Asks: 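My structure is below; once you've seen it, I'll send some questions.
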Amino acid sequence: MLCSHFVHHLRACAKLSSQSLGQKLHAQIIKLGLQQYGPLPNSLLEMYGKCGVMGDALQMFDEMPQRDIVSWASTLTAYNHAGLPRRSLSIFAEMWEHDRLQPDHFVIASLVKACASLGDVRLGKQVHAYFVRSPFYDDDVAKSSLVDMYSKCGFPHHARTVFNLIRVKGTVSWTALISGYAQTGRKGDALELFSRMPVKNLLSWSALISGLVQSGHGIDAFSIFMKMRKETDHGIDPFILSAIIAACANMAMLELGKQVHCLALALCLDSNLFVSNALVDMYAKCSDLLAAKSIFTNTRERDVVTWTSIIVGTAQHGQAKEALSLYDEMMLDGVKPNEVTFLGLIYACSHVGLVSKGRHLFNSMSKDYGIRPSLEHYTSLLDLLSRSGHLGEAEELLKTMPYEPDEAAWAALLSACRQHKNTKVAVRVADHLLCLGPKDPSTLILLSNTYAAASMWERVSKVRKLMSVMDFRKEPGCSCIELAKESQVFYAGDSSHPMKDQLLGLLKELDEEMRKRGYVPDTSYVLHDLEQHEKDLLFMDIVWAACMLHASKLP
DNA sequence: GTAGGGTTAG
């Protein structure tokens, strides 16, 4: 009787994440000498795990005289909860070694979840294989976890296959699949499935909306958000709000972002860390750095994302020194940087040519914080070295780094060689690229121009042949700005704008002003067989966006 | 004792 009372209350603490109440119950249990009685050790373990007190959860586990499958499953959940999926996976082997226990469907579902959070589909498939051969192969919850894993790893097709095998499809299964479709940009599938979904809750709407935001369908995400507001009674929580703020950020829609900010204030959700982090990022991406800084300053409990958002935002607005001193402040504040922080910092160095500082940060990342540099970090360092003219070092890094450099990486170096007019390295890099069999049209243009500049006409014609056999279409570049509550999009070579004549006039004025001050456009990187006036016209496209920005500031 | 949504880069 007494025991089931404790089990019941401990479970409530686990659900509510109420650590202090849980500890009080634990104290009473010890006083009564019941700490090893019946299901209580497992209940205590579960409570500490779900409250995020990993140390105490593990102590419970270690002190158990006898561990059953539930003890192992709860430990797995605790590790998942604490964001330690690798530890979860190592349990798979330990269960058998220590206690001769085979994973059941509870354990399998948790293992799959660990694979999902690591984004490791290879391991996920192994667990899947184990599952279908186990006596639990028919369990719907484990299948649902597989749907989630395949969705998170970017394989919605596999997720669909498992989904179809679920006998009783609950809201969780539907949501997991819809999320997979939305995140991978399969808008049609996501919407179709969502409309067929029998019971929708706030999480289902949220999964669809945030998935669409992540795959760049901000407008659709917004209209679904409005639909939810209109047609349902679901409230707005910090999850959905931060997704909507991110949508404004990605589309650089400042006015809309401000309105969502007001919504956050009205709902008293602006003090939520996820919401304020999203706001810092939104204002920075919308070029209102002052507003971003003000949100940042007013955020009391700043975490690594808050700091990283302001550092990246500051760096992207050219204030590299300021970004670096924010990093110093962050360390004084005792916040540990993560891999994104370092990307922002190296980016900052890259844009003002702080080569040795950038190198130092790159090394500090692994030495001081144990973060293994990713391909992106190497690319960022490469960018720093090549922009600043350290071409030899950049080439060396490209060859020795622990990742296989792709076409874009080599092309970036080549482009830098041309900017620094280093023909010798340029030709060497170009030859290497040519061997790789380049596929990107802009790489081919770059190659053609490199060889043309070095008067290597045979290779020019070789590149031209490569161009002619492929479907040579380059996505046109475009710029987008918000002007009087409307978004204006301009494509390169676009001449359909109703204000074309006024715009071109202003553009010409700006161009003349630039030339007067000694800024002559460098058109040498444009395709070589264009006439000079055609090159100038192309250049006009490049300043088009700058011109529009200017126009938007006119009264 | 198991499964679904959120912020930072590219």
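Throughout, protein chains are lettered first and strands after them, A, B, ... in sequence-line order, and every chain is numbered starting at 1. Bear in mind that the values here come from a model prediction, so they are computed numbers and not experimental data.
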Asks: Are A:Phe131 and A:Phe136 an aromatic pair, judged by ring center distance below 6.0 Å?
Replies: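 No.
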Asks: List the residues meeting salt bridge (charged side-chain N to carboxylate O under 4.0 Å, His left out) with A:Lys357, not counting sequence neighbours, and say none if there are none.
Replies: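 In terms of salt bridge (charged side-chain N to carboxylate O under 4.0 Å, His left out), with neighbours along the sequence ignored, A:Lys357 is linked to no residue.
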Asks: Using the side-chain heavy atoms of A:Thr175, tell me which of these nucleotides is nearest: B:dA9, B:dA3, B:dG4.
Replies: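 Taking heavy atoms from C-beta onward, the closest nucleotide is B:dG4.
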Asks: Is A:Lys50 touching bases, backbone alone, or none of the nucleic acid, heavy atoms closer than 4.0 Å?
Replies: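 Sugar-phosphate, backbone atoms only, no base.
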Asks: Quick one: does A:Ser145 reach the base of B:dA3 with a side-chain donor-acceptor pair under 3.5 Å?
Replies: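 In this structure, the two groups form no donor-acceptor pair.
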Asks: Can you tell which of B:dG5, B:dA9, B:dA3 lies closest to the side chain of A:Val172?
Replies: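 Of all the options, the side chain of A:Val172 is nearest to B:dA3.
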Asks: To the side chain of A:Lys152, which of B:dG4, B:dA3, B:dT2 is closest?
Replies: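 So the nucleotide nearest the side chain must be B:dG4.
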Asks: Over 60° means perpendicular and under 30° means parallel, so classify the ring planes of A:Phe225 and A:Phe222, tilted if in between.
Replies: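 Answer is perpendicular, since the angle exceeds 60°.
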Asks: Ring centres under 6.0 Å, that's the criterion: do A:Tyr283 and A:His261 meet it?
Replies: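 Yes, close enough.
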Asks: How close or far is atom P of B:dT2 from atom CG of A:Asp139, stated in whole angstroms?
Replies: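 Interatomic distance, CG of A:Asp139 to P of B:dT2: 12 Å.
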Asks: Could you tell me if the ring centre of A:Phe296 sits under 6.0 Å from that of A:Trp307?
Replies: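 Distance test on ring centres: under 6.0 Å, yes.
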Asks: Quick one: A:Ile310 CD1 to B:dT7 P, roughly how many Å, whole number?
Replies: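 Going from A:Ile310 (CD1) to B:dT7 (P), I get 18 Å.
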Asks: How many Å lie between CZ on A:Phe106 and P on B:dT2, as a whole number?
Replies: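 In whole Å, B:dT2 P and A:Phe106 CZ are 7 Å from each other.
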Asks: With a cut-off of less than 4.0 Å, is there a side-chain N or O of A:Lys113 near OP1 or OP2 of B:dG4?
Replies: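 True: A:Lys113 side-chain N/O within range (under 4.0 Å) of B:dG4 OP1/OP2.
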Asks: Do A:Asp237 and B:dG5 share a donor-acceptor pair, side chain to base, under 3.5 Å?
Replies: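 Yes.
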Asks: Looking across every strand, which nucleic acid part, if any, lies under 4.0 Å from A:Ile69 by heavy atom: base, sugar-phosphate, or nothing?
Replies: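 Here A:Ile69 touches the bases of the nucleic acid.
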Asks: In whole Å, what is the span from the CZ atom of A:Arg167 to the P atom of B:dA3?
Replies: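 My rounded result for the distance is 20 Å.
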Asks: Which one, B:dT2, B:dG5, B:dT8, comes nearest to the side chain of A:Ser206?
Replies: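 So the nucleotide nearest the side chain must be B:dG5.
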Asks: Compare the minimum distances between each of B:dG4, B:dT2, B:dG6 and the side chain of A:Ala109, then state the nucleotide with the smallest one.
Replies: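 Selected nucleotide: B:dT2.
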Asks: Looking across every strand, which nucleic acid part, if any, lies under 4.0 Å from A:Thr171 by heavy atom: base, sugar-phosphate, or nothing?
Replies: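 A:Thr171: base contact, heavy atoms under 4.0 Å.
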Asks: Whole angstroms only, please: what is the NZ-C1' distance between A:Lys200 and B:dG5?
Replies: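 Interatomic distance, NZ of A:Lys200 to C1' of B:dG5: 16 Å.
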Asks: Taking only the side-chain nitrogens and oxygens of A:Gln214, find out if one of them lies under 4.0 Å from OP1 or OP2 of B:dG5.
Replies: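 Checking A:Gln214 against B:dG5: no side-chain N or O falls below 4.0 Å of OP1 or OP2.
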Asks: Examine B:dG10: is either OP1 or OP2 under 4.0 Å from a nitrogen or oxygen in the side chain of A:Gln316? Give yes or no.
Replies: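 Looking at the OP1 and OP2 atoms of B:dG10, one of them is under 4.0 Å from a side-chain N or O of A:Gln316.
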Asks: Of all the choices, B:dG10, B:dT7, B:dG5, which nucleotide is nearest to the side chain of A:Leu202 once you look at every atom?
Replies: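 Of all the options, the side chain of A:Leu202 is nearest to B:dG5.
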Asks: B:dA3 P sits how many Å from A:Asp148 CG, rounded?
Replies: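 Distance check: A:Asp148 CG to B:dA3 P gives 10 Å.
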Asks: Mind checking A:Asn42 for me? I need base, sugar-phosphate or nothing, with any heavy atom below 4.0 Å counting as a touch.
Replies: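 Contact class for A:Asn42: none.
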Asks: Let me know the distance between NZ of A:Lys285 and P of B:dG10, rounded to the nearest Å.
Replies: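 Distance, rounded to whole Å: 8 Å.
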Asks: Can you confirm if the NZ or CZ of A:Lys336 lies within 45° of the ring axis of A:Tyr369 and under 6.0 Å from the centre of its six-membered ring?
Replies: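 No, A:Lys336 does not sit over the ring of A:Tyr369.
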Asks: Between B:dT2, B:dG6, B:dT8, which one does the side chain of A:Phe274 approach most closely?
Replies: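 Selected nucleotide (nearest to the side chain): B:dG6.
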Asks: Can you check whether any acceptor in the base of B:dG4 is under 3.5 Å from a donor in the side chain of A:Asn201, or vice versa?
Replies: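 Under the 3.5 Å cut-off, the side chain and the base do form a donor-acceptor pair.
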Asks: Send over the distance from A:Phe136 CZ to B:dA3 P, rounded to a whole Å.
Replies: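 These atoms are roughly 16 Å apart.
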Asks: Side chain of A:Val305 only, heavy atoms from C-beta on: which candidate in B:dA3, B:dT2, B:dT7 is closest?
Replies: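 From the listed options, B:dT7 comes nearest.
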Asks: Centroid separation under 6.0 Å, is that true for the rings of A:Phe61 and A:Trp72?
Replies: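 A:Trp72 vs A:Phe61: aromatic centres under 6.0 Å.
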Asks: Select base, sugar-phosphate, or nothing to describe what A:Val141 touches, counting heavy atoms under 4.0 Å on all strands.
Replies: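 The answer is base, as A:Val141 lies within the cut-off (heavy atoms under 4.0 Å) of a base atom.
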